[in-house]
Amino acid sequence: MKLSLVVPCYNEADNVAAFQDAVIGAFDGCGYDYEIIFVNDGSKDATLHNLRKLHAAQRCPVKVVSFSRNFGKEAGIYAGMSKADGDYVSIIDADLQQRPEIVRDMVKILDEEPQYDVVAAYQDRRGEGKVLSFFKKSFYAIINKLSKVQLQSDASDFRTFRRSVRDSILELTEYHRFSKGIFAWVGYDTKFIPYTACERHSGTTKWNFWKLLDYAIEGIIGYSTAPLRFATYMGCFSALAAFVYLFVVVLQKLIWGIDVPGYATIIVLILFFGAMNLLCIGIIGEYVGRTFEQSKNRPVYVEKEYLTYKNEASE
Ligand code: UDP
Ligand code: MG
């Protein structure tokens, strides 16, 4: 098997058949074999029903992994990758925003340029609003400053890579998965190619501002301990400031005999340091919470059903 296409699907009932058609169209006459691995991420619509139909028809080799509930796209990617038999593995969305023809180009690059192990697509022009793109830019600026791994801004999960890369990624069994960070962490030589995302074939995006913010925090907490250092610095700085102020107050009272009425100052300081305390506890809590989640050592996903095809001789 040359190529495995890993396709996470959450409520994509009207897209999966069109997606398969597009793949068959794109790879028609390409001269190598490929498989599609659909991961049904606990969809609430007819996605699974439609995937079963695609699997029964087997117009091209189709595998279907079905989760017991919604575990998120990252878990879907992990599950699909673990079922992949291809020498190359590709991650692509089910909504046809990412054209399968681009995968064919990626395969060509991997064939012709052995120095690269990963070909990743980034969006050259985003159709999104100014506010969102400002936040995204800030996110990349912050995380690249804070973290040891460097993330390519705008790089999506849309990428194709060699089996060795897949094996390395599967070894990372962390519960909180952040695939941009995971790809950066495992390394390998990556070629970035631009692509323009198309309109969604059907349905709506699962992202909104708050989900993106959560995702950004996930990335920063997961790939850097700098926020913890912020708490330490903040503590040192306020201790120093408090000490200096104490000194000033004592001098004022004892030497110059100035009365120090401090009601407003006290309220402001209490509020400020109360807020700082909460903020720092919150930061620590984020890390402790992740340690707690990970210490339970739960699997990344729960598989309810797995439909494969007969001739899995290519193992
Ligand atoms: N997806 C998933 N699980 C989720 C959310 C999304 O498997 O909990 C899949 C979804 O079906 C699609 C891909 O992830 O194939 C990208 O999702 P979406 O199109 O909503 O994101 P966008 O393209 O807007 O970034
Ligand atoms: Mg999409």
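Each ligand, and each atom within it, is numbered from 1 in the order the structure gives. What you see is a predicted model, and the numbers here were worked out from it, not measured in a lab.
At the top of the distance list for atom 8 (O) of ligand 1, counting protein heavy atoms only, stands Asn70 ND2, 3.1 Å. Looking only at heavy atoms of the protein, atom 24 (O) of ligand 1 is closest to Thr205 OG1, 2.6 Å. Remark: minimum distance from atom 7 (O) of ligand 1 to any protein heavy atom is reached at Pro8 CB, 3.4 Å. For atom 23 (O) of ligand 1, the closest heavy atom belonging to the protein is Gln97 OE1, 2.7 Å. For atom 19 (O) of ligand 1, the nearest protein heavy atom (residue, atom name, distance) is Asp95 OD2, 2.6 Å. Shortest contact from atom 6 (C) of ligand 1 to any protein heavy atom: Lys206 CD, 3.8 Å. Among protein heavy atoms, the minimum distance from atom 21 (O) of ligand 1 is reached at Trp207 CD1, 3.2 Å.
No side-chain N or O of Asn15 forms a donor-acceptor pair with one of Asp95 less than 3.5 Å apart. Side-chain polar atoms of Glu218 and His176 form a donor-acceptor pair below 3.5 angstrom. Using modelled atom types, one finds no donor on one side chain facing an acceptor on the other under 3.5 Å when comparing Ser68 with Tyr301. With 3.5 Å as the limit, one finds no donor-acceptor pair spanning the side chains of Tyr175 and Lys296. Defined by atom type and a distance below 3.5 Å, a donor-acceptor pair is present between the side-chain atoms of Asn40 and Ser43. Between Asp111 and Tyr88, the side chains place a donor N or O and an acceptor N or O closer than 3.5 Å (distance only, hydrogens not considered). Asp157 and Ser179 are linked by a side-chain donor-acceptor pair at a separation below 3.5 angstrom, with hydrogens and angles left out of the test.
Ligand 1 places these atoms under 4.0 Å from at least one heavy atom of Glu12: 10 (C), 11 (O), 12 (C), 15 (O). Close contacts of ligand 1 with Asp93, meaning ligand atoms under 4.0 Å from a residue heavy atom, involve 13 (C), 15 (O), 16 (C), 23 (O). Near Gly72, with a cut-off below 4.0 Å to any heavy atom, the atoms of ligand 1 are 3 (N), 8 (O). Within the listing of ligand 1, atoms 15 (O) sit less than 4.0 angstrom from a heavy atom of Ala94.
Residue contacts with ligand 1 for Asp41 involve side-chain atoms from C-beta outward but no N, CA, C or O (heavy atoms, distance under 4.0 Å). By the criterion of a heavy-atom distance under 4.0 Å, the backbone of Cys9, and not its side chain, is placed next to ligand 1. Neither the backbone nor the side chain of Asn11 comes within 4.0 Å of ligand 1, counting heavy atoms alone.
Less than 6.0 angstrom separates the ring centroid of Tyr215 from the ring centroid of Phe178. Side-chain rings of Phe161 and Phe183 approach one another, their centers coming within less than 6.0 Å.
Of all N/O/S atoms in Asp95, OD2 sits nearest the Mg ion (ligand 2).
Inclusion of Gln98 in the first shell of the Mg ion (ligand 2) is not supported: no N, O or S atom falls under 2.8 Å. Residue Asp93: no N/O/S atom is found under 2.8 Å from the Mg ion (ligand 2).
Looking at Glu74, Arg200, Lys73 and measuring to atom 18 (P) of ligand 1, the nearest heavy atom belongs to Arg200. The nearest non-hydrogen atom to atom 2 (C) of ligand 1, considering only Phe158, Tyr10, Phe19, Phe71, comes from Tyr10.
For Tyr287 against Ile221, the heavy-atom pair with the smallest separation is CE2-O, 3.4 Å. Heavy-atom minimum distance, Tyr10 versus Asp41: CD1-O, 3.2 Å. Taking every heavy atom of both residues into account, Phe38 and Cys9 meet most closely at CD2-SG, 3.7 Å.
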